[in-house]
Amino acid sequence: MSGRVVHFEIPVDNDSRAREFYSQAFGWQVMEVPNVGYNVAVTGPTTEQTGPTVPGFINGGLLDRGVGAVKQPVITIGVDSVDEALAAVEKAGGKTITTREPVGDLGFSAYFADPEGNILGLWESK
């Protein structure tokens, strides 16, 4: 899985407006995660156990703008180890924005900036 784009995040100012927009405009199934300021965006056929069931698409999320590092749309890259990936990012000239953080029972995430100033995410499955 290492090095593949596995997820996206889109910051929003109004959760319900954004859920309605992406559902109507693209047919996404957008589900609020209570008390977290996060909405899961399912963009195609998916199972809970394996995720996307058709090659060529990823799922993502809509999150409250201004909470955490995400201020613009972000792509997330799957890695075997967030800590090792952050070390490689730093060695290659990037900058760690947030260190490895648990995401429930699913895995771990972090954010980094590339040398061009873009913020991207990292994902390590549990």
Side-chain angles (χ1 to χ4, degrees):
M1 161 165 81
S2 189
R4 295 183 183 153
V5 174
V6 297
H7 186 77
F8 65 85
E9 292 179 317
I10 301 170
V12 301
D13 295 316
N14 182 306
D15 285 354
S16 59
R17 180 179 63 206
R19 281 193 302 273
E20 184 175 332
F21 171 78
Y22 285 102
S23 294
Q24 287 183 6
F26 302 108
W28 294 359
Q29 182 182 4
V30 184
M31 299 159 290
E32 181 179 8
V33 179
N35 304 316
V36 180
Y38 198 87
N39 301 271
V40 174
V42 177
T43 69
T46 301
T47 68
E48 194 172 304
Q49 293 77 23
T50 63
T53 59
V54 175
F57 80 91
I58 60 173
N59 292 317
L62 312 176
L63 71 160
D64 290 344
R65 186 185 323 272
V67 176
V70 178
K71 309 287 187 237
Q72 63 211 20
V74 171
I75 62 168
T76 300
I77 300 165
V79 296
D80 294 328
S81 165
V82 165
D83 292 330
E84 290 176 12
L86 288 173
V89 161
E90 296 271 342
K91 184 176 180 182
K95 178 182 174 189
T96 297
I97 302 296
T98 65
T99 58
R100 183 178 188 261
E101 297 179 3
V103 179
D105 293 334
L106 302 174
F108 304 91
S109 69
Y111 294 97
F112 71 93
D114 70 9
E116 305 306 310
N118 299 300
I119 296 179
L120 295 95
L122 297 171
W123 176 257
E124 173 188 331
S125 291
K126 203 164 197 178

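Positions are given from 1 along the sequence. All values below come from the heavy atoms of this structure, side chains included, with hydrogens, waters and symmetry mates left out.
Expressed to the nearest 0.5 Å, how far CG of Asp64 lies from CG of Asn14 amounts to 9.5 Å. Separating the CG atom in Leu63 from the CG atom in Asn39 is a distance of 8.5 Å, to the nearest 0.5 Å.
Every pair passing side chain to side chain donor-acceptor pair (under 3.5 Å) that includes a residue from residues 24-36 is listed here, sequence neighbours excluded: Glu20-Gln24. For residues 83-99, the set of pairs meeting the side chain to side chain donor-acceptor pair (under 3.5 Å) definition, not counting sequence neighbours, comprises Glu90-Thr96.
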When you look at Asp15 and Leu62, which way does the side chain to side chain contact (heavy atoms under 4.5 Å, CB included) test go after all the steps? CA-CA 8 Å; Asp15 285 354; Leu62 312 176; 5.9 Å; no
Go through the steps for Gln72 and Ile119 under the test side chain to side chain contact (heavy atoms under 4.5 Å, CB included), then give the verdict. CA-CA 8 Å; Gln72 63 211 20; Ile119 296 179; 4.1 Å; yes
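Residues satisfying the side-chain hydrogen bond (donor to acceptor under 3.5 Å, both in side chains) criterion with Tyr38, sequence neighbours excluded, are His7, Glu9.
The nearest pair of heavy atoms linking Gly104 to Lys126 is O-NZ, 4.2 Å. Counting all heavy atoms, side chain and backbone alike, Ile97 lies closest to Ala113 at CG1-N, 3.6 Å. Contact record, Arg65 with Pro11: NH2-O, 3.4 Å, taken as the closest heavy-atom pair. Minimum interatomic distance between Val79 and Leu122 (heavy atoms only, all atoms of both residues): CG1-CD2, 3.9 Å. Of all the heavy atoms in Ala41 and Phe8, the pair that sits closest is CB-CZ, 4.2 Å. Closest heavy-atom contact between Val74 and Gly121: CG1-N, 3.5 Å.
Looking at Asn59, its side chain does come within 3.5 Å of a backbone N or O of Thr43 through a donor-acceptor pair. The backbone N or O of Val82 lies less than 3.5 Å from a partner atom in the side chain of Glu124, making a donor-acceptor pair.
Put simply, the side chain of Tyr22 reaches to within 4.5 Å of the side chain of Ile10, judged on heavy atoms. Between Phe57 and Pro45, some side-chain heavy-atom pair lies under the 4.5 Å cut-off.
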